[in-house]
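Note that this is a predicted model, so its numbers are computed, not measured. Counting starts at 1 for both ligands and their atoms, following the listed order. The figures that follow rest on heavy atoms only: side chains count, while hydrogens, waters and symmetry mates do not.
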Amino acid sequence: MRTSELQAADKQHIWHPFTQMRDWCDPGYDPLVISEGRGSVLIDSEGREYLDGNSSIWTNIHGHSHPKITAAIRAQAGKLAHSSFLGTTNEPAIRLAGRLVALFPPETLTRVFYSDDGSTAIEVALKMAVQFHQLTGHSERCRFAAFDHAYHGDTAGAASLGGIAAFQDRFAPLSFPVTHVADLASLESLDATTKASLAGVIIEPLIQGAGGMRTWPPGLLRDLRAWCDREGVLLLLDEVMTGFGRTGEMFACEHEDVAPDFIALAKGLSGGTMPLAATLTTEKVFQAFLGYYAEMKTLFYGHSYCGNPLGCAAALANLEVFEEERTLERLQPKITHLAELLLGLATEPNVSGTRQCGFIAGIDIARPDGTPFPWQDQTGAKICMAARRHGLLTRPIRDTLVLMPPLCFTGPELESSVAALRAGIREICG
Ligand SMILES: *Cc1c(COP(=O)(O)O)cnc(C)c1O
């Protein structure tokens, strides 16, 4: 099909996520049709190339069409694409579970529950946490604490934990019991009844993503772990975005030597190739669910594609690439390089601030006097559209530009990306 035919057919039948479809379907709007990906580059249906500046919404790790991951998916597809994880098991899922557990300190996270997306990985943790407390004599613990500006996904349970009003308010009637807190101090100052009703606290460690690339003060995660231990509250880490090298370590929790009670992994788990998620938990949580069938301690939870062999094969290859290419070691100088480039960008009159956590960057756009642009102007989105014409694909969070490239990005690719953002900023604001 020709590009124009694809665009017309898309507008006829498709409803895109997080998209005002009136704008999308406007005859004057030509949606980009992505046809190929190679390494750091995405190629559209007209053969134009773009650097993948947000890792295809924070999923891609080693680049597109990585030969090793592609070969693993191909080989697995030739053998078994899917069979049920309810009542049977499969080798890629078994091997991957062992590999995942081995990425954490011994005897910390020992059990792996598979699902499909970040949101489902969170749902699993929520249900496990509530049922764990029921099974250990604390059925009063059925509430969660979550932080302002948090984002944990869009299914109803995960969305209840979110702290972003625009995504949240409309669905408030569907909300789970959640106490939203600004920071650790406000968590500590909750009244005793609320504290005693908490099943768990959930946090995006080190940096909140969709809330605007907001970094936490160093030490906060460790202090939160200590607070949870004192209060008998489970600690849920959402590493859907930060996992798999994004922060410079394999997982963000390693920066503060914190072992959680649950960790949710998705996006980068398969290297950004297949929808796959995993919720890891401790032997202590797992043991509480063991009993005679008639005791009704079973976790009645699952999805059709749990333990999908194609996804697990991709994830195994993803982890092998980390080792073979020494990805984390080679990433360190690139993180420094990114910091230098951000320093340069910060001198733009319309850049009011920049934040970096490993290979994740947020760049705030504002008027030269520091006051924000009206949000309705969608200045951030316009800048990203302008940057696209300079060969960079990314999306903003309101007026925060996001640069979160695949870990395989080279120095020159980082430089071109920042140059494209600078050009976009000048075109739209200047
Ligand atoms: C993307 C994201 C999710 C949701 O994952 P999906 O795969 O989109 O359901 C949850 N938490 C964080 C921190 C995320 O960035």
Side-chain angles (χ1 to χ4, degrees), residues 16-19 54-61 113-127 129 144 146-164 166-168 171 176 178 180 200-216 220-221 224 235-247 250-253 255 260 262-280 303-306 308 311 314-315 318 355 357-362 394-398 400 402-406:
H16 285 265
F18 279 92
T19 301
N54 76 345
S55 301
S56 295
I57 207 72
W58 319 349
T59 58
N60 194 280
I61 301 289
F113 192 102
Y114 290 116
S115 62
D116 320 310
D117 283 286
S119 307
T120 56
I122 299 292
E123 300 288 340
V124 172
L126 295 183
K127 289 198 178 180
F144 289 88
F147 290 96
D148 294 347
H149 311 290
Y151 178 78
H152 299 294
D154 292 330
T155 53
S160 302
L161 302 165
I164 304 173
F167 302 166
Q168 199 80 9
F171 304 115
F176 288 21
V178 174
H180 296 275
V201 179
I202 184 159
I203 186 170
E204 295 155 85
L206 264 61
I207 179 167
Q208 294 181 316
M213 299 303 156
R214 304 163 69 99
T215 48
W216 288 111
L220 175 119
L221 189 61
L224 181 63
L235 178 62
L236 286 61
L237 295 189
D238 179 347
E239 293 231 27
V240 171
M241 176 185 83
T242 51
F244 302 96
R246 218 55 94 174
T247 67
M250 195 57 139
F251 299 106
C253 60
H255 290 271
F262 298 95
I263 194 166
L265 307 174
K267 292 194 168 101
L269 172 57
S270 65
T273 60
M274 304 281 300
L276 180 74
T279 307
L280 274 66
H303 294 286
S304 319
Y305 283 96
C306 277
N308 175 252
N318 175 40
R355 287 174 300 287
C357 178
F359 222 37
I360 305 172
T394 187
R395 277 172 71 88
I397 298 162
R398 276 152 283 128
T400 299
V402 175
L403 187 59
M404 191 193 298

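Taking the ring-ring contact (aromatic ring centres under 6.0 Å, His included) definition, one finds that W216 meets it with F147, sequence neighbours left out. Scored by the side chain to side chain donor-acceptor pair (under 3.5 Å) test, R355 finds D364 as partners (sequence neighbours excluded). For the ring-ring contact (aromatic ring centres under 6.0 Å, His included) test, no residue two or more places apart in sequence or in another chain qualifies with H255.
Checking side-chain atoms of T279 against main-chain N and O of A264 turns up no donor-acceptor pair under 3.5 Å. D117 places no side-chain N or O within donor-acceptor distance of the main-chain N or O of T120, the cut-off being under 3.5 Å.
Taking every heavy atom of both residues into account, H152 and L161 meet most closely at CD2-CB, 3.6 Å.
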Please produce the table of protein N or O atoms sitting under 3.5 Å from N or O atoms belonging to ligand 1, one pair a line, distance to 0.1 Å.
| unit_1 | atom_1 | unit_2 | atom_2 | d |
| --- | --- | --- | --- | --- |
| ligand 1 | 5 (O) | G118 | N | 3.4 |
| ligand 1 | 7 (O) | G118 | N | 2.8 |
| ligand 1 | 9 (O) | G118 | N | 3.4 |
| ligand 1 | 9 (O) | S119 | N | 2.9 |
| ligand 1 | 9 (O) | S119 | OG | 2.6 |
| ligand 1 | 11 (N) | Y151 | O | 3.4 |
| ligand 1 | 11 (N) | D238 | OD1 | 3.2 |
| ligand 1 | 11 (N) | D238 | OD2 | 2.6 |
| ligand 1 | 15 (O) | K267 | NZ | 2.6 |

